[in-house]
Enquirer: 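Provided herewith is a single structure, encoded as structure tokens, for subsequent inquiry.
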Number of protein chains: 2
Amino acid sequence: MASYHHGNLRETLLAQARKQLAEDGIDKLSLRALARAVGVSQTAPYRHFPDKNALLIALATSGFAELRQSLKTRAEACPDLDAALVEVGLAYVDFAKAHTALYKLMFGPALTQKDSYPQLHVSAESCLEELKALIQLKLNVPESDETLWYITINAAALIKGHTSMILEGNDNCNPATGEEFDLARALRIFLSMLP
Amino acid sequence: MASYHHGNLRETLLAQARKQLAEDGIDKLSLRALARAVGVSQTAPYRHFPDKNALLIALATSGFAELRQSLKTRAEACPDLDAALVEVGLAYVDFAKAHTALYKLMFGPALTQKDSYPQLHVSAESCLEELKALIQLKLNVPESDETLWYITINAAALIKGHTSMILEGNDNCNPATGEEFDLARALRIFLSMLP
DNA sequence: CGTTTGATGTTACCAACGTCAACATTGTTG
DNA sequence: CAACAATGTTGACGTTGGTAACATCAAACG
């Protein structure tokens, strides 16, 4: 007994989008396919999102929130600061591997006019803040310290770079053992250099 | 006096594609628009590329060749090894900033079935080889050395990570001075840690 | 309790795109 | 010169993002 009004189409669409994103990649993620899967007319999504990009933005924003939450909880489960810092890097990579399509959406060029969505920027930045907070504790400096941001950026770059190479399948494996290279090891060396 | 046959449509298409990619971004890069700009029918490109993806692959492949060439020449102009290694990082970032859309095409999800184009993989890998060769000279180890590849991967990750953050406009600027963070500085520190 | 109104969903439609099949034109080669 | 392969054109199909006009419902208000 389908009622004319869906009830919470917006959330349903986002959930289905996540599903299709994970299953079939971003190419197959069309508003029409989404509407079809949810059992609603082709143009119904436009009552909840001004255009496709807005839907993707919402998806990415929630992705950043999830990422931040994952970084936070995994860092908090660590016995000490150094372990937490390493763990943040591993959690980041794990997120990218577990939700590859979403990760690429979050950082890739599928989103346009990001500047028009300040909430997206805030969500993204909050992930960096998570890392920055840990490094601040490690360095024991005020938040305005000049090198704090610099070190944060470099740590983030190292993590993001490794993530990129892993996702690109860029032979980031030990040619001898075939194992994926140890980001944890690199991060520990990075930490050992901090004052 | 337009002759029926274009002559070298393939090259013209690629050149025009580069142009439109730089000017209007990848969204506006359609086969039809390309054909229109070149003054040829909509389906003419299919005589030279089996599908759009193949055109993009060719574009990306030439992009990797250019990138490699740039890394090489700029490194060779350096007085010593350390300077060359830093320069490679800067050249990489410069390429990404100068040809942003192309760079995103090369590494982004616009390309599909990369595995079906071994030439693309070779081109991409040759860029890494450029970096690896320098690091090998620096370390003075045989090419099969276990840590050589590890260090190369980490250097590449650092460079790629910085590039990502720059392209994302990720506040990778000194909050005090407003200047972009110094990748060169990070690379010099990286180098100072090598044995 | 009936009406009005705003939110939500539907139908019909448009332009653009990637792609294919069938056909036209050309340069080359036997 | 004739046959052929390469190249370019025409026309069409199905899909997509998006708009406009209309339909339906629920809640606010008299």
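The structure displayed is predicted, hence computed values, not measured ones. Lettering of chains follows the sequences in order, A, B, ..., and the numbering in each one begins at 1.
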Enquirer: With sequence neighbours left out, write down each residue that passes side-chain contact (heavy atoms from CB on, under 4.5 Å) with B:Asp80, or none if nothing qualifies.
Expert: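 Applying side-chain contact (heavy atoms from CB on, under 4.5 Å) to B:Asp80 gives B:Asp82, B:Ala83.
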Enquirer: Side-chain polar contacts of residues 29-48 of chain A - donor-acceptor pairs under 3.5 angstrom, sequence neighbours left out - could you list them?
Expert:
{"residue": "A:Ser30", "atom": "OG", "partner": "A:Ala33", "partner atom": "N", "Å": "2.9"}
{"residue": "A:Arg32", "atom": "NH2", "partner": "A:Gln42", "partner atom": "OE1", "Å": "2.9"}

Enquirer: Any residue in residues 33-44 of chain B with a heavy atom nearer than 4.0 angstrom to DNA chain D? Just list them by number, or reply none.
Expert: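 Residues of residues 33-44 of chain B under 4.0 Å from DNA chain D: B:Val40, B:Ser41, B:Thr43, B:Ala44.
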Enquirer: Please report the end-to-end axis angle for the helix from C:dC1-D:dG30 to C:dG30-D:dC1, five pairs per end, rounded to 10 degrees.
Expert: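 Rounded to the nearest 10 degrees, the bend comes out at 10°.
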Enquirer: To the nearest Å, give me how far apart CG (A:Leu9) and P (D:dT24) are.
Expert: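 About 19 Å, once rounded to whole Å.
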Enquirer: As a quick check of understanding, evaluate side-chain contact (heavy atoms from CB on, under 4.5 Å) for A:Leu183 and A:Thr163, giving each step before the final call.
Expert: CA-CA 9 Å; A:Leu183 172 60; A:Thr163 305; 5.8 Å; no
Enquirer: What about A:Tyr103 and A:Phe64, are their ring centers closer than 6.0 Å?
Expert: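 No; A:Phe64 has its ring centre 6.0 Å or more from that of A:Tyr103.
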Enquirer: Taking OP1 and OP2 of C:dG9, is either one under 4.0 Å from a side-chain nitrogen or oxygen of A:His48?
Expert: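 So the side-chain polar atoms of A:His48 do come within 4.0 Å of the phosphate oxygens OP1 or OP2 of C:dG9, strictly under.
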Enquirer: Report yes or no: do A:His121 and A:Asp115 form a side-chain donor-acceptor pair below 3.5 Å?
Expert: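 Absent: no donor and acceptor within the cut-off.
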Enquirer: Which nucleotide sits closest to the side chain of B:Arg47: C:dG18, D:dT7, D:dG17?
Expert: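 Between C:dG18, D:dT7, D:dG17, the one nearest the side chain of B:Arg47 would be D:dT7.
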Enquirer: Run the side-chain contact (heavy atoms from CB on, under 4.5 Å) test against A:Leu81 and tell me which residues pass, sequence neighbours left out.
Expert: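 Once residues adjacent in sequence are excluded, the partners of A:Leu81 under the side-chain contact (heavy atoms from CB on, under 4.5 Å) criterion are A:Leu134, A:Leu137, A:Lys138.
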Enquirer: Expressed in angstrom and rounded to an integer, what is the separation of A:Phe49 atom CZ from C:dG9 atom C1'?
Expert: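 Rounded to whole Å, this separation is 15 Å.
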Enquirer: What is the distance, to the nearest angstrom, from the CD atom on B:Gln113 to the P atom on C:dG18?
Expert: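 My rounded result for the distance is 16 Å.
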Enquirer: Of all residues at least two apart in sequence or in a different chain, which pass the side-chain contact (heavy atoms from CB on, under 4.5 Å) check with B:Asn53?
Expert: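 Testing B:Asn53 for side-chain contact (heavy atoms from CB on, under 4.5 Å), a comparison that skips the adjacent residues, returns B:Asp51, B:Ile57, B:Leu111, B:Thr112, B:Gln113, B:Tyr117.
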Enquirer: Determine, for B:Lys132 against B:Glu143, whether the closest basic-nitrogen to carboxylate-oxygen distance falls under 4.0 angstrom.
Expert: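 Yes, B:Lys132 and B:Glu143 are salt-bridged.
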Enquirer: List for me each residue that meets side chain to side chain donor-acceptor pair (under 3.5 Å) alongside A:Glu11, sequence neighbours excluded, and say none if there are none.
Expert: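 So A:Glu11 forms no side chain to side chain donor-acceptor pair (under 3.5 Å) with any residue.
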Enquirer: Between B:Arg32 (CZ) and D:dA12 (C1'), how many Å, whole number?
Expert: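 These atoms are roughly 10 Å apart.
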Enquirer: Contacts to DNA chain D from residues 10-21 of chain B, heavy-atom cutoff under 4.0 Å, which residues?
Expert: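 Those residues: none at all.
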Enquirer: Quick one: side-chain contact (heavy atoms from CB on, under 4.5 Å) partners of A:Glu66, sequence neighbours excluded?
Expert: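 By the side-chain contact (heavy atoms from CB on, under 4.5 Å) rule, A:Glu66 matches A:Arg18, A:Phe95.
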Enquirer: Sequence neighbours left out, cut at 3.5 Å: what donor-acceptor pairs do the side chains of residues 188-195 of chain B make with other protein atoms?
Expert:
{"residue": "B:Ser192", "atom": "OG", "partner": "B:Ile189", "partner atom": "O", "Å": "2.6"}

Enquirer: Give me the residues of residues 52-59 of chain A where at least one heavy atom lies under 4.0 Å from an atom of DNA chain D, by number, or none.
Expert: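 Those residues are A:Lys52.
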Enquirer: Think B:Arg185 forms a cation-pi with A:Tyr150, using NZ or CZ under 6.0 Å from the six-ring centre and within 45 degrees of its axis?
Expert: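 The answer is yes; both the distance and angle limits are met.
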Enquirer: From CG of B:Asp27 over to P of D:dG17, roughly how many Å is that when rounded to an integer?
Expert: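 Nearest whole value for this atom pair: 13 Å.
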Enquirer: Would you kindly give the OH-to-P distance between B:Tyr46 and C:dC17, to the nearest whole Å?
Expert: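 Rounded to the whole Å, the gap is 11 Å.
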Enquirer: Holding to side chain to side chain donor-acceptor pair (under 3.5 Å), I want the full list of residues that pass it with A:Gln136, two or more places apart in sequence or in another chain.
Expert: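 Result, side chain to side chain donor-acceptor pair (under 3.5 Å) vs A:Gln136: none returned.
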